[in-house]
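Down below is the structure, laid out as structure tokens.
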Amino acid sequence: MWPFAMVLAAILLAFAIAAYWLEGRVRDQALTDRVLAVRTLLKQKIAKDADLMQATLRALMANRVVRDALQRQDRDALQRELGSLFATLRDQHRITHLYVNDANLVNVLRLHSPVNHGDVISRFTATRARDTGQPVHGLELGPLGTLTLRLVMPWQVDGRVIGYLEMGEEIGYVVDELHDSLGVDSFVLVDKRFILHRQWQYGLELLQRLGQWEQFDNRVLVAQTTAQFPPAISAAVLTRLRQGATEVIQTDGKAMHLAMLPLLDVAGQPIGELVVMRDIEGLQQTFFKSVLSVIGLSLAAGLGVLALFYVALGRVDRDYQRQHDLEHQLLRLDNEHQRIVQLEKMSALGTMVGEIAHQLNNPLVGVVNLAQLAAREADDPARTRELLAEIRRAGEDCHAFITSMLRFAKVSKFERHATDLAQVVQETVLMFRQTVQGQIQVEMNFPEEAVVLEVDPILLRHALFNLLLNAAQATEGAGAIQISLQAQPHPDTGAPGWVLTVRDHGKGIAPEILDQVFSPFFTTRRDGTGLGLPVVQHVALLHQGFVSVENLPEGGTQFAIWLPQTHSTGPISADQTKPKLTHVAQDIGRR
Ligand SMILES: Nc1ncnc2c1ncn2[C@@H]1O[C@H](COP(=O)(O)OP(=O)(O)OP(=O)(O)O)[C@@H](O)[C@H]1O
Ligand SMILES: [Mg+2]
């Protein structure tokens with residue numbers, strides 16, 4: 001369970017890391033795109049505004065009154081003529097500067113600051129316009145620390161320059177427009193090397209701007225689109241932005257994404273940077289919500305799978321436990337069974353020893369008693385001979401008993417081979433006829449096909465002989481003994497096999513002793529050893545078969561030996577063939 005949970009956690013972690021990384025990439029790419037758009041828009045805006053300024057100045061140059069006033073250097077006339085125009089341009093078109101300079105670039109009038117005049121304008125735009133005789137425009141720093149888009153146009157009359165008109169728009173307005181068009185905030189930072197502290201301070205108050213000179217070592221803020229410069233933008237952040245990286249900062253509880261664009265003035269000199277800032281709070285919130293919901297769903301699905309797994313494992317575990325318990329019980333039963341079998345063996349051995357002792361003891365006691373009697377009556381030869389004959393009979397009884405014991409012992413030698421069962425039966429009946437005295441009829445009934453099985457013919461003959469002998473001993477009248485062989489499957493397993501039955505019409509077996517007849521030494525006959533049926537049972541078991549007994553309703557007993565089908569049934573050789581259906585009735589000697 002735990003390894004599975006760990007794998008699930010690892011997958012979720014990998015997913016979260018991948019999603020975070022991807023979000024960073026997407027975010028960076030979006031900002032890079034915006035920065036490029038800002039750069040393009042800035043360029044376009046500068047070009048468009050410069051065009052508009054140029055058109056305005058051209059229109060202004062057509063004004064004779066103004067021209068005459070410039071040529072006369074009449075500041076009041078210029079102020080009168082241009083004052084209302086500048087006010088309109090400032091209020092409606094965000095023009096912040098309007099200069100009227102003479103042909104030597106000496107300032108005649110600053111419409112935006114009329115008190116300052118008489119100084120020489122030596123900025124790049126002015127000198128360049130003078131040198132080329134062409135209008136020049138571009139971003140340029142002013143004396144008050146303002147970064148301004150300026151256009152300087154030479155005013156020529158009849159091929160002679162009578163003066164220069166200069167118009168300017170503060171960068172603050174430019175970045176405001178960028179904000180309106182692209183929805184990004186920006187800050188203009190200028191290198192302190194190009195601005196004097198005092199002038200910057202003056203400009204700050206004059207133009208009512210916000211800013212702190214000491215905020216950064218080498219930069220100062222000159223324009224911004226937000227009310228406040230985010231305090232999280234430190235010098236270290238600026239350094240990293242200058243190296244081309246993007247940064248995410250937290251300001252007013254919102255995530256802001258920053259990038260930087262270098263700013264060049266009209267002379268191509270790097271003068272500072274434009275910091276572009278985009279609010280990504282909403283984007284991040286959406287992203288985190290999406291990732292969290294995906295992780296939540298995955299977690300729920302994973303936990304569901306884990307729960308299913310847990311239930312399934314629990315079931316398997318319970319099944320395994322049940323099986324294990326069953327196996328354990330079986331093993332215990334098996335051990336118990338072995339123990340009982342061992343006990344039974346010991347008990348059977350005890351019975352056997354007792355029986356053997358009993359069987360041998362009786363004649364031996366008789367021999368001792370008869371020998372003592374013979375010793376006492378040695379004077380009477382006739383009596384002595386009679387006693388000796390008794391002793392011989394007792395000895396013969398012992399001998400008969402030991403012979404039958406030896407016959408029983410022989411059963412353990414077991415050699416099986418393909419054997420025609422009918423032939424075994426016929427040979428046994430022949431032997432039986434020679435052994436048993438008296439008249440008794442034996443009938444045999446076999447299938448048409450020869451039945452050939454893998455058996456030990458000697459042991460089988462021995463078993464059948466015992467059954468015939470018992471049948472003969474039980475038969476009192478003229479009833480015949482019937483032997484038959486027929487195919488019959490095993491009653492429990494259904495395995496194919498054959499059953500050899502011996503049926504007599506004798507006295508039958510009393511029901512109370514029916515289950516004892518296979519016990520060794522069990523006998524109801526005075527001269528019996530009780531080993532005949534145990535031999536039959538042993539032989540059947542050696543052949544993986546069994547023997548059964550039943551009393552017949554019409555009187556008499558039937559013994560049946562079941563043998564498994566171990567060899568193909570069919571004729572085996574010419575000398576082993578026998579009549580198709582044998583019904584042999586033989587009169588044989590009755591014992
Ligand atoms: N066909 C039968 N009819 C009636 N009783 C039988 C028959 N076969 C066996 N019995 C009974 O089963 C007992 C045991 O038979 P078993 O063959 O084992 O021993 P036995 O015949 O008594 O002695 P042994 O065969 O050693 O000379 C017999 O004493 C007899 O009571
Ligand atoms: Mg017997």
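Remember, it's 1-based here, ligands and their atoms both numbered in the order they're listed. In this chain, numbering begins with 1 at the start of the sequence shown. Note: hydrogens, waters and symmetry copies are ignored here, and every other heavy atom, side chains too, is used.
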Under 4.0 Å from ligand 1 - residues by heavy atom, chain and number:
Asn470, Ala471, Gln473, Ala474, Asp504, Gly508, Ile509, Val517, Phe522, Thr523, Thr524, Arg525, Gly528, Thr529, Gly530, Leu531, Gly532, Leu533, Pro534, Thr557, Phe559
With side-chain hydrogen bond (donor to acceptor under 3.5 Å, both in side chains) as the rule and sequence neighbours excluded, what pairs involving residues 232-246 come up?
Asp28-Thr246, Arg240-Glu247, Arg242-Glu273, Thr246-His257
Going by distance alone, is a donor N or O of one side chain under 3.5 Å from an acceptor N or O of the other, for Asp319 and Gln323?
no
Polar protein atoms near the Mg ion (ligand 2) [N, O or S; cut-off under 2.8 Å]
Asn470 OD1
Do Gln565 and Trp498 have side-chain N/O donor and acceptor atoms under 3.5 Å apart?
yes
Do Glu396 and Arg393 sit within salt-bridge range, that is, some charged N less than 4.0 Å from a carboxylate O?
no
How many angstroms lie between CD1 in Ile233 and OG1 in Thr251, if you round to the nearest 0.5 Å?
7.5 Å
Please name the pair of heavy atoms, one in Ile481 and one in Ala471, separated by the smallest distance, quoted to 0.1 Å.
CD1-CB, 3.8 Å
According to ring pair (Phe, Tyr, Trp, His ring centres under 6.0 Å), does anything in residues 228-254 pair up with another residue at least two apart or in another chain? List the pairs.
Phe187-Phe229, Phe216-Phe229
Asp456/Arg416 ion pair, N-O < 4.0 Å:
no
Taking atom CD1 of Ile280 and atom CD1 of Ile249, what is their separation to the nearest 0.5 Å?
10.0 Å
